[in-house]
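A short worksheet on the structure shown next.
Small disclaimer: the values here were computed from a predicted structure and weren't measured.
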There are 2 protein chains.
Amino acid sequence: MKVDNISVTPLRRVDVARATGCNLETIRYYETVGIMPDPPRSAKGYRCYDDAHVRRLKFVMRSRDLGFSLEEIRGLLGLVDDRTQTCAQVQTVAESHLQDVQEKIADLKRIEHVLSETVARCTGDAAPECAVIDALLEK
Amino acid sequence: MKVDNISVTPLRRVDVARATGCNLETIRYYETVGIMPDPPRSAKGYRCYDDAHVRRLKFVMRSRDLGFSLEEIRGLLGLVDDRTQTCAQVQTVAESHLQDVQEKIADLKRIEHVLSETVARCTGDAAPECAVIDALLEK
DNA sequence: CCTTGAGCCTGTACTTCCTACAGACCGTAG
DNA sequence: CTACGGTCTGTAGGAAGTACAGGCTCAAGG
């Protein structure tokens with residue numbers, strides 16, 4: 001189907017999955033929990049997605065990947081959806097999210113430090129003594 | 001109950017919980033999934049723990065804290081239980097996990113950069129235009 | 001035109017890692 | 001003796017998906 005110059009063939013669920021790398025079923029799941037909007041349906045009830053859906057889903061996936069909960073993502077998406085909010089309100093929410101991220105980085109760095117240190121102490125021998133195990137047992 | 005010089009009063013579940021900071025129910029859960037061994041029981045069926053249980057549970061909690069899955073911990077515990085295994089095997093598990101952690105840190109730093117930059121570009125006005133929202137929509 | 005295969009629909013069950021309760025029982029201190 | 005805190009089992013719920021079953025639809029190839 002063509003309108004003038006651009007194609008308006010709607011995207012199917014599998015197209016969205018391929019475009020984003022998201023699991024097919026997860027797309028439906030996000031719909032049921034309100035993270036993704038209910039898409040328009042074809043005459044036969046098929047979901048019809050467009051590029052906006054794909055962009056939104058990519059955003060959700062990146063955020064999940066970085067450890068945001070669906071609840072937090074809902075908050076972030078709220079900023080996008082409700083454009084009547086003031087810039088100041090948005091700034092406040094974004095700043096608090098920034099703080100979360102920075103805390104997460106700090107936590108992970110602590111973990112990284114412990115892990116890399118103990119791994120480095122490993123002899124790698126066939127010996128039954130192991131720095132990693134000792135560290136985990138003693139701490 | 002005393003034997004010579006040391007107390008052998010068995011630890012109850014709540015004692016183990018307090019000694020480790022682990023949730024009461026989680027202790028039982030770890031038993032059912034085979035992470036913790038079935039402890040000996042009293043005449044009336046009460047679980048009787050000792051210091052070895054506490055140490056093992058601390059190991060598990062610390063590992064969880066460092067982001068190891070229960071499956072990975074099962075592997076690590078297997079190596080602890082069977083000390084005939086090589087140190088190299090432990091090293092392999094820990095190294096692969098370390099890599100995961102480092103990747104996560106890199107991802108978070110990327111998002112931190114973007115977030116802090118866009119927050120800084122915010123005017124803080126009561127305007128409906130906002131650098132943060134624009135960034136979220138375009139990424 | 002018919003068949004085939006890929007994709008769609010819904011609903012529900014399973015997964016991981018817990019956490020919380022319900023209902024019944026026990027053990028000790030006051 | 002009774003109250004309180006602890007134990008037992010089994011089961012339910014929650015977060016964030018993942019997988020499958022049974023049935024429908026659509027487009028392409030023969």
Side-chain angles (χ1 to χ4, degrees), chain A residues 1-2 7-36 38-50 53-54 56-77 100 104, chain B residues 1 7 9-36 38-50 53 56-77 97 100 104:
Chain A
M1 191 198 286
K2 279 266 187 184
S7 166
V8 291
T9 304
L11 301 169
R12 299 162 303 165
R13 216 162 92 225
V14 79
D15 298 324
V16 174
R18 277 169 194 157
T20 58
C22 187
N23 181 295
L24 202 62
E25 300 296 316
T26 304
I27 298 172
R28 194 159 61 94
Y29 170 72
Y30 283 160
E31 192 182 314
T32 70
V33 299
I35 286 283
M36 293 293 289
D38 295 13
R41 300 291 184 114
S42 74
K44 290 288 177 184
Y46 283 29
R47 289 170 180 81
C48 301
Y49 296 101
D50 60 25
H53 286 97
V54 172
R56 191 187 181 95
L57 182 53
K58 276 184 178 166
F59 174 80
V60 171
M61 291 179 69
R62 243 198 340 278
S63 304
R64 283 296 296 132
D65 220 45
L66 296 174
F68 287 98
S69 69
L70 287 189
E71 209 41 55
E72 287 173 312
I73 294 170
R74 233 185 288 273
L76 285 171
L77 287 171
D100 288 352
K104 249 166 206 151
Chain B
M1 190 199 286
S7 165
T9 304
L11 302 168
R12 298 163 304 167
R13 216 162 92 225
V14 78
D15 298 324
V16 174
R18 278 169 194 159
T20 58
C22 186
N23 180 294
L24 203 62
E25 301 295 315
T26 304
I27 297 171
R28 192 158 63 95
Y29 171 72
Y30 283 160
E31 192 183 312
T32 70
V33 300
I35 286 283
M36 292 294 286
D38 295 12
R41 299 294 184 112
S42 74
K44 290 288 180 186
Y46 284 28
R47 288 170 181 82
C48 301
Y49 296 101
D50 60 25
H53 285 96
R56 191 187 182 94
L57 182 52
K58 277 184 178 167
F59 174 96
V60 172
M61 291 179 71
R62 186 164 175 73
S63 304
R64 286 293 295 132
D65 225 45
L66 293 177
F68 288 99
S69 71
L70 286 190
E71 207 41 54
E72 286 171 313
I73 293 170
R74 231 186 290 274
L76 287 172
L77 285 171
H97 186 65
D100 290 352
K104 241 165 204 142

Measuring to OP1 and OP2 of C:dC21, would you say a side-chain N or O of B:Arg28 lies under 4.0 angstrom away? no

Using a heavy-atom cut-off of 4.0 Å to chain A, what are the terminal contacting nucleotides of DNA chain D, in 5' to 3' order? D:dA16 to D:dC26

Value for CE (B:Met61) from OG1 (B:Thr20), rounded to nearest 0.5 Å, stands at 5.0 Å

Residue set satisfying salt bridge (Lys or Arg N to Asp or Glu O under 4.0 Å) with B:Asp15, at least two apart, ordered chain then number -> B:Arg12

Please determine whether a side-chain nitrogen of the Lys or Arg among A:Arg13 and A:Glu25 lies less than 4.0 Å from a carboxylate oxygen of the Asp or Glu. yes

Spell out protein contact along nucleotides 24-30 of chain C as letters: B when the base is contacted, S when just the sugar-phosphate is, - when no protein heavy atom is under 4.0 Å; keep the 5' to 3' order. --SS---

What is the distance, rounded to the nearest whole Å, between atom CD of A:Glu25 and atom P of C:dT15? 16 Å

Just the rounded figure in Å: distance from C1' of C:dT19 to CE of B:Met61. 14 Å

Please answer whether the main-chain N or O of B:Tyr29 pairs with a side-chain N or O of B:Thr26 as donor and acceptor at a distance below 3.5 Å. no

Rounded to the nearest Å, what distance is computed from the CD1 atom of residue B:Ile27 to the P atom of nucleotide C:dC17? 18 Å

Is the phosphate of C:dT19, meaning OP1 or OP2, less than 4.0 Å from a side-chain N or O of B:Thr26? yes

Would you give the length of the straight line joining atom CZ of A:Arg64 to atom CG of A:Leu57, rounded to the nearest 0.5 angstrom? 12.5 Å

Any side-chain N or O of B:Asn23 less than 4.0 Å from the OP1 or OP2 oxygen of C:dA20? yes

Sorted by chain and residue number, the side-chain hydrogen bond (donor to acceptor under 3.5 Å, both in side chains) partners of A:Arg41 (sequence neighbours excluded) come out as none

Check this one for me: any side-chain N or O of B:Tyr30 less than 4.0 Å away from OP1 or OP2 of C:dC17? no

Measure OH/A:Tyr29 against C1'/C:dT12 and give the value in whole Å, please. 15 Å

Contact class for A:Arg74 vs. all strands (heavy atom < 4.0 Å): base, sugar-phosphate, or nothing? nothing

Using whole Å, report how far CG of A:Asp15 lies from P of C:dA6. 15 Å

Sorted by chain and residue number, the salt bridge (Lys or Arg N to Asp or Glu O under 4.0 Å) partners of A:Arg47 (sequence neighbours excluded) come out as A:Glu31

On a heavy-atom basis, the closest approach of A:Ile27 and A:Cys22 is CG1-SG, 3.9 Å

By salt bridge (Lys or Arg N to Asp or Glu O under 4.0 Å), B:Arg74 pairs with (sequence neighbours left out) B:Glu71

